[in-house]
Every structure is written in C-alpha cells, then in structure tokens.
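Here is the structure we will look at, set down as structure tokens.
Start at 1 and go down the list; that is how both ligands and their atoms are numbered. By convention here, the first residue in the shown sequence is residue 1.
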Amino acid sequence: MHSHHLLLEEPIRMASILEPSKPSFFPAMTKIVGTLGPRSRSVETISSCLIAGMSVARFDFSWGDTEFHQETLENLKLAIKSTKKLCAVMLDTGGPELQVVNKTERPISLEAETLVVLTPNQEKEATPNLLPINFSGLSKAVKTGDTIFIGQYLFTGSETTSVWLEVNEVIGEDVVCLIKNSATLSGSLFTLHVSQIRIDLPTLTDKDKEVISTWGARNSIDFLSLSYTRHAEDIRHAREYLSKLGDLNQTQIFAKIENFEGLTHFDEILQEADGIILSRGNLGIDLPPEKVFLFQKAAVYKCNMAGKPAVVTRVVDSMTDNLRPTRAEATDVANAVLDGSDAILLGAETLRGLYPVDTISIVGKICAEAEKVFNQDLYFKKTVKYVGEPMSHLESIASSAVRAAIKVKASVIICFTSSGRAARLIAKYRPTMPVISVVIPRLKTDQLRWTFTGAFEARQSLIVRGLFPMLADPRHSADSTSATNESILKIALDHGKASGIVKSHDRVVVCQKVGDDSVVKIIELED
Ligand SMILES: Nc1ncnc2c1ncn2[C@@H]1O[C@H](COP(=O)(O)OP(=O)(O)O)[C@@H](O)[C@H]1O
Ligand SMILES: C=C(OP(=O)(O)O)C(=O)O
Ligand SMILES: [K+]
Ligand SMILES: [Mg+2]
C-alpha cells in the first residue's frame with residue numbers, strides 16, 4: 001500500500017512514541033464540549049475545565065430546571081472572567097425523548113427472563129413489573145420482537161444500571177416486554193430508546209420552545225443542539241423559531257443525529273444545519289455495533305467536505321468513575337480526530353463524573369497527539385478534488401493560505417473576518433497550525449438601536465478545529481483601510497506572542513482584504 005493511502009504520515013519511529021510531548025499553549029486544535037452539571041458547576045471546577053481546554057459548555061435541558069442551569073451559567077461567566085478563556089454556550093433540547101417516570105425515585109431491580117409492562121399511566125408507581133413512561137403512543141409504534149433500551153440519564157453503556165428489553169406483546173396502550181439482562185435502575189432520570197422506530201412527537205417540543213424563549217434568549221445562546229433531528233424540516237422549523245427571538249437569529253443550529261431516521265436524511269439535514277453532532281449514545285442503540293464506525297467515517301467526511309463542524313459524543317464513558325480511559329476509549333478518541341472531527345462532546349464524564357477536569361485534560365492530550373500524525377496532505381488533496389473547479393474566489397484564497405502556511409512552516413495563520421466565513425473556510429482545509437480568527441465588529445441597526453456584530457461569530461468558532469478567535473476593538477470597525485489593517489494585525493500578533501504561539505523570527509500567514517482585494521501574505525517576524 002502506498003503511503004498516500006494511509007491515514008498517518010509515514011514513517012513513525014517506534015522510539016519517538018516514547019518521547020514525552022512538549023507542553024504547548026493550546027491543549028489541542030480539536031475542541032472539547034463539556035456538559036455542565038452537579039459535578040461541574042462551581043466557579044472553581046469550571047475554571048479548571050476552561051484551563052484544561054473546554055471551549056464550549058453544553059447545558060442539557062433533558063434534565064434540570066432553568067434556575068439550576070442559570071446558576072451554573074453565572075458561575076461559568078465568572079470563570080471566564082477570572083481565567084480569561086473564552087467559552088461558548090450550547091443549549092441542548094430535550095426533544096422527543098422517552099423517559100421512565102419514577103416518582104418515588106426508589107431503585108427498581110429488574111430481573112432477567114421476567115416480564116415488565118411499560119404503561120403510559122403516569123399515576124402508577126414504578127415497580128420491577130411495571131414502568132410508567134411519558135409517552136402514550138409507544139404501543140402503536142412498536143411490534144413484537146422490537147428492542148428497547150432503558151438507561152440512566154447520560155447512560156454510559158458500561159454500567160449495571162442499563163437494561164435491554166424485547167417487546168413480547170402489546171395490550172391496549174401497554175407494552176409487555178421480556179427483560180434480557182438483570183439490572184437495577186437507580187437515579188432520578190431514565191431514558192428509553194426503542195431501536196429503529198418512528199416516534200410521533202415534534203422535534204422541537206413546547207417545553208423546548210419555552211426554554212429557548214426564556215433561558216436561551218436571556219443568555220444569547222451561541223449554539224442550539226437540536227436533539228433527535230430527523231429531517232431537514234426540523235432545522236428549518238427551529239431556525240424560523242429562533243429568528244423571532246431577537247439576538248437568537250444569530251444562534252447556530254447543530255443537528256443531533258441520534259437515530260436511524262436522522263441517518264437516513266443525513267444529506268438534507270447537513271445542508272440546512274450549521275453543524276452536526278454525531279450522537280453515538282443513542283445511535284449506538286439503533287445501529288448494529290459493527291456499523292457504528294462506518295456511520296462515523298461517512299458522516300464526518302460529509303461534514304468536512306461541506307466545511308461544517310462535526311462533533312463526536314460518548315468517548316470516555318469509563319472516566320465517569322475512573323481516572324484513566326480504557327484502551328479502546330483512548331484509541332477511539334484518536335480515531336475520531338484522524339477521521340476529521342472538529343470537536344469531542346463529553347456527557348456523563350463532566351456532568352456527574354468524578355474527574356471532569358482530568359477527563360478534559362486527557363482527551364485533549366490524545367487529540368493533540370493524533371493531530372500530529374493526521375495526514376494533512378492527503379486530506380488537503382481530497383478536499384480540493386471534492387470542491388472541484390472553478391473554485392470560488394474565497395475558497396481558493398483560503399486553501400492557498402493553508403498551503404502557503406504549511407510550505408513556509410508558519411507558526412500561525414491570522415485571518416481577518418466579520419462574518420466568520422473566511423476563517424471557517426481556512427479551517428476546512430485543516431491547517432496544521434492554529435488559526436487566529438480576528439473578528440472585526442460591524443455596526444448594524446434594527447431601526448431602533450445600533451449594535452456591533454462579532455461576539456457570536458467569535459464564540460461560534462470555538463467549536464471549529466484549529467480556530468482560536470479574537471474579537472477586535474469596535475473602534476477598528478470594518479473599513480479595511482491599510483492603516484486599520486496594520487494596527488489590528490499588530491494587536492493580533494501581540495496576542496499570539498502573549499499566548500505563546502508566535503515567537504520572534506516566526507513566519508506568519510495573514511489573510512485579509514486590502515481595499516477590495518483579498519490577499520494572502522507571508523510575514524517574517526523580527527525580534
Ligand atoms: N475587516 C476586515 N479587514 C480586512 N480584511 C477582511 C475584513 N473582513 C474580512 N476580511 C477579508 O475579506 C475576505 C472575505 O472574508 P469574509 O469572512 O467572507 O468576509 P466577511 O466577514 O465580510 O463576510 C477574506 O480575505 C478576509 O480575510
Ligand atoms: C449526546 C447524546 O445525547 P444526550 O446526551 O443528549 O442523550 C448521545 O446520544 O450521544
Ligand atoms: K438532550
Ligand atoms: Mg442522545
């Protein structure tokens with residue numbers, strides 16, 4: 001096999017594997033999304049998470065009320081202030097999630113080879129033979145032989161608190177199931193996933209709308225993670241809803257692909273969405289185990305070619321209770337990077353895990369190692385070929401900037417942008433060095449007041465591999481005269497120096513507009 005068929009740059013000396021990695025300012029180019037919850041909500045812990053490399057905080061509204069999440073968010077703001085690390089905010093919807101209703105919250109022990117009835121009658125108490133659920137349409141959606149999975153909220157798959165059921169018979173609104181493995185359901189929230197069926201509930205529920213219009217609007221959320229996206233129409237509908245909520249017309253929508261229906265409509269969903277979350281937790285139940293990797297490779301490739309961020313979930317479940325990942329997990333994280341992912345999303349590990357900070361730090365280190373051997377050359381060629389000719393003006397500038405930066409061994413690419421488009425296009429070509437995206441604010445008006453754009457655009461690049469945003473002073477508002485260009489560039493370089501990514505005598509590639517012309521220039525720094 002020729003080296004250009006390999007994912008890795010060749011050859012790798014075995015001895016080099018044992019050399020310790022040099023510490024670097026950026027933990028990794030791959031971004032880390034952390035779900036914040038009981039174990040990760042003090043200012044102190046969140047600060048440590050930011051320092052360890054978390055750049056997006058996910059607030060999961062499957063669980064917890066707006067007050068709880070607001071308190072966590074206020075702590076996040078304090079942590080951002082004290083660490084001076086930027087962090088974007090993601091609201092994750094509950095969506096059409098099926099849940100077991102266990103009012104007493106007493107543990108329920110289910111025994112293998114016995115029967116349990118799932119009933120929509122929520123007045124009933126949960127017992128080892130009867131589990132009330134929050135959905136009355138289940139009996140119409142399933143048939144004998146279907147597989148149902150019940151797991152603790154943010155189930156890790158490796159615990160004895162998850163159970164597999166097989167539908168035995170349907171009686172009226174009740175579904176009688178055979179329990180396949182013994183397990184004890186303990187905890188306050190259990191989710192239910194039926195393999196490969198259609199749940200007749202809206203993707204954006206009334207409760208989701210309520211949360212978005214209150215908590216979401218109040219906090220100008222950067223990302224909406226749309227749980228159980230199944231059609232492109234789901235995205236169009238959510239966008240239409242956001243467009244009426246002031247600032248939220250700037251919120252990016254990430255489609256969470258977590259079942260077979262979403263997978264079937266992947267291409268049309270990708271066209272409408274701003275990014276994709278490969279929700280491997282749920283999808284891992286819909287897909288046979290031997291197909292999971294194939295979905296990941298195909299989906300990440302499509303995202304890469306579209307230049308839209310791909311986020312992979314459920315990577316180091318075992319770190320919820322342990323200080324080190326399993327071998328399989330450590331390898332899986334690296335493979336996600338080699339496949340081309342932009343970000344890794346942590347769930348149970350940061351929300352209720354014992355080691356949220358260590359998890360972020362270890363995942364970041366694995367990502368950084370994988371990035372070093374990522375076959376950029378092969379990736380670049382693949383992308384150029386896919387895009388074809390003639391290339392758009394800006395895409396050609398962006399790919400040339402990456403090529404030039406690699407050829408001259410630049411330590412950083414500095415990209416001026418207002419909309420964020422140019423920086424995203426540069427990231428699409430997966431430069432091996434960090435990109436400082438210098439977001440230049442633009443003055444805009446809604447006929448009532450004047451405001452600056454830029455804050456959303458800067459934070460939204462925090463989920464894109466390799467992009468590190470810097471918001472320019474609004475006094476430098478976008479006129480791209482050479483005097484303002486020069487003064488902003490100087491600030492960006494100082495920022496790069498202060499953060500340790502650029503040093504004296506380094507080469508830097510700059511992407512900017514001079515007058516009406518887009519230029520790529522290579523500069524060599526002095527002392
Ligand atoms: N304020 C600015 N000053 C100088 N160059 C800029 C500015 N904003 C964008 N550019 C450059 O203009 C080109 C178009 O970038 P793009 O991000 O699409 O612009 P916009 O933000 O206006 O949509 C790129 O070469 C980019 O580096
Ligand atoms: C991230 C996932 O979904 P959630 O944590 O919202 O259940 C998943 O299914 O992988
Ligand atoms: K959710
Ligand atoms: Mg899920």
Side-chain angles (χ1 to χ4, degrees), residues 33 35 37 58-63 90-99 149 151-157 189-193 225-229 254 256-259 262 277-287 292 296 311-315 317 344-352 392-398 400-401 413-427 435-443 453-454 457-458 461 472-474 476-489 492 509-521:
V33 183
T35 309
R58 176 174 84 131
F59 294 82
D60 188 356
F61 280 84
S62 278
W63 174 89
M90 174 181 277
L91 186 164
D92 195 298
T93 60
E97 184 167 70
L98 307 190
Q99 298 181 347
F149 174 87
Q152 187 180 359
Y153 166 62
L154 296 183
F155 53 85
T156 60
L189 177 58
F190 280 84
T191 58
L192 191 119
H193 189 99
S225 159
L226 193 61
S227 295
Y228 301 92
T229 300
F254 275 53
K256 252 169 112 188
I257 306 295
E258 34 194 350
N259 60 20
I277 299 175
L278 287 76
S279 249
R280 304 191 310 175
N282 289 87
L283 199 63
I285 297 168
D286 264 26
L287 290 176
V292 174
Q296 175 167 323
V311 183
V312 169
T313 73
R314 303 297 167 98
V315 291
D317 284 341
I344 301 285
L345 187 153
L346 303 173
E349 304 97 319
T350 49
L351 178 123
R352 62 173 154 84
S392 77
H393 191 118
L394 192 59
E395 186 133 13
S396 146
I397 292 280
S400 305
I413 297 175
I414 294 180
C415 174
F416 286 50
T417 184
S418 288
S419 65
R421 196 160 53 119
R424 268 198 305 277
L425 270 177
I426 289 180
V435 180
I436 299 182
S437 75
V438 183
V439 182
I440 321 267
R442 259 203 283 247
L443 198 55
T453 68
E457 290 80 356
S461 60
D473 191 319
H476 293 306
S477 195
D479 59 1
S480 66
T481 60
S482 63
T484 39
N485 269 346
E486 282 313 305
S487 65
I488 297 171
L489 180 57
V509 166
V510 182
C511 200
Q512 64 185 171
K513 221 152 53 185
V514 178
D516 285 338
D517 305 317
S518 290
V519 298
V520 175
K521 66 182 186 191

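Polar contact with ligand 2: absent for L154 (N/O pair, distance under 3.5 Å). At least one N/O-N/O distance between F416 and ligand 1 falls below 3.5 Å. For ligand 1, the polar-atom distance check against C511 finds a nitrogen or oxygen pair separated by under 3.5 Å. Every N/O-N/O distance between S227 and ligand 2 stays at or above 3.5 Å.
Here atom 21 (O) of ligand 1 lies nearest to S419 when heavy atoms of G515, S518, S419, A422 are compared.
Using modelled atom types, no side-chain atom of R314 and backbone atom of G284 make a donor-acceptor pair closer than 3.5 Å. A donor-acceptor pair under 3.5 Å links the side-chain atoms of T453 to the main chain of R442, judged by distance alone. Side chain of S418 to main chain of I440: a donor-acceptor pair is present (N/O by atom type, distance under 3.5 Å, no hydrogens or angles). The closest donor-acceptor contact from the side chain of N485 to the backbone of K513 lies under 3.5 Å. Using a distance-only test at 3.5 Å, with no hydrogens or angles considered, a donor-acceptor pair links the side chain of T313 to the main chain of R280. With T35 contributing its side chain and R58 its backbone, the two residues share no donor-acceptor pair below 3.5 Å. Proximity of a side-chain donor or acceptor of E258 to a complementary backbone N or O of Y228 within less than 3.5 Å is detected.
Proximity of T417 to ligand 1, defined as any heavy-atom pair under 4.0 Å, is shared by backbone and side chain alike. Neither the backbone nor the side chain of V519 comes within contact range of ligand 1; no heavy atom lies under 4.0 Å.
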Legend entry - Criterion side-chain contact (heavy atoms from CB on, under 4.5 Å) on K256 and L345, from CA distance to verdict: CA-CA 12 Å; K256 252 169 112 188; L345 187 153; over 6 Å; no
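In this structure, the protein non-hydrogen atom closest to atom 6 (O) of ligand 2 is K256 NZ, 2.5 Å. At the top of the distance list for atom 8 (C) of ligand 2, counting protein heavy atoms only, stands S279 OG, 3.2 Å. Looking from atom 7 (O) of ligand 2 to the surrounding protein, the closest heavy atom is R314 NH2, 3.5 Å. Here the heavy atom of the protein found nearest to atom 9 (O) of ligand 2 is N282 OD1, 2.6 Å.
Under a 4.0 Å criterion applied to the non-hydrogen atoms of N485, ligand 1 contributes the atoms 3 (N), 4 (C). Near G281, meaning under 4.0 Å from any of its heavy atoms, are these atoms of ligand 2: 8 (C), 9 (O), 10 (O). Interface of L394 with ligand 1, defined as ligand atoms under 4.0 Å from a residue heavy atom, comprises 13 (C), 14 (C), 18 (O), 24 (C).
In terms of heavy atoms, S419 sits closest to E457 at O-CG, 3.5 Å. Looking at every heavy atom in both residues, A492 comes nearest to I436 through O-CD1, 4.2 Å.
Between the CD1 atom in I257 and the CG atom in L283 there is a gap of 8.5 Å [rounded to 0.5 Å].
The distance cut-off of 2.8 Å around the Mg ion (ligand 4) captures these protein N, O or S atoms, sorted by chain and number: E258 OE1, N282 OD1.
Note on ligand 2: R58 sits in its first shell, one or more heavy atoms being nearer than 4.0 Å. Contact between R442 and ligand 1 is present, with at least one heavy atom of the residue lying under 4.0 Å from the ligand.
No hydrogens or angles considered: nothing links the side chains of S62 and D92 as a donor-acceptor pair under 3.5 Å.
Under the side chain to side chain contact (heavy atoms under 4.5 Å, CB included) criterion, V292 pairs with L287, sequence neighbours left out.
Using a cut-off of 4.0 Å between Lys/Arg side-chain N and Asp/Glu carboxylate O, E486 and K521 are scored as salt-bridged.
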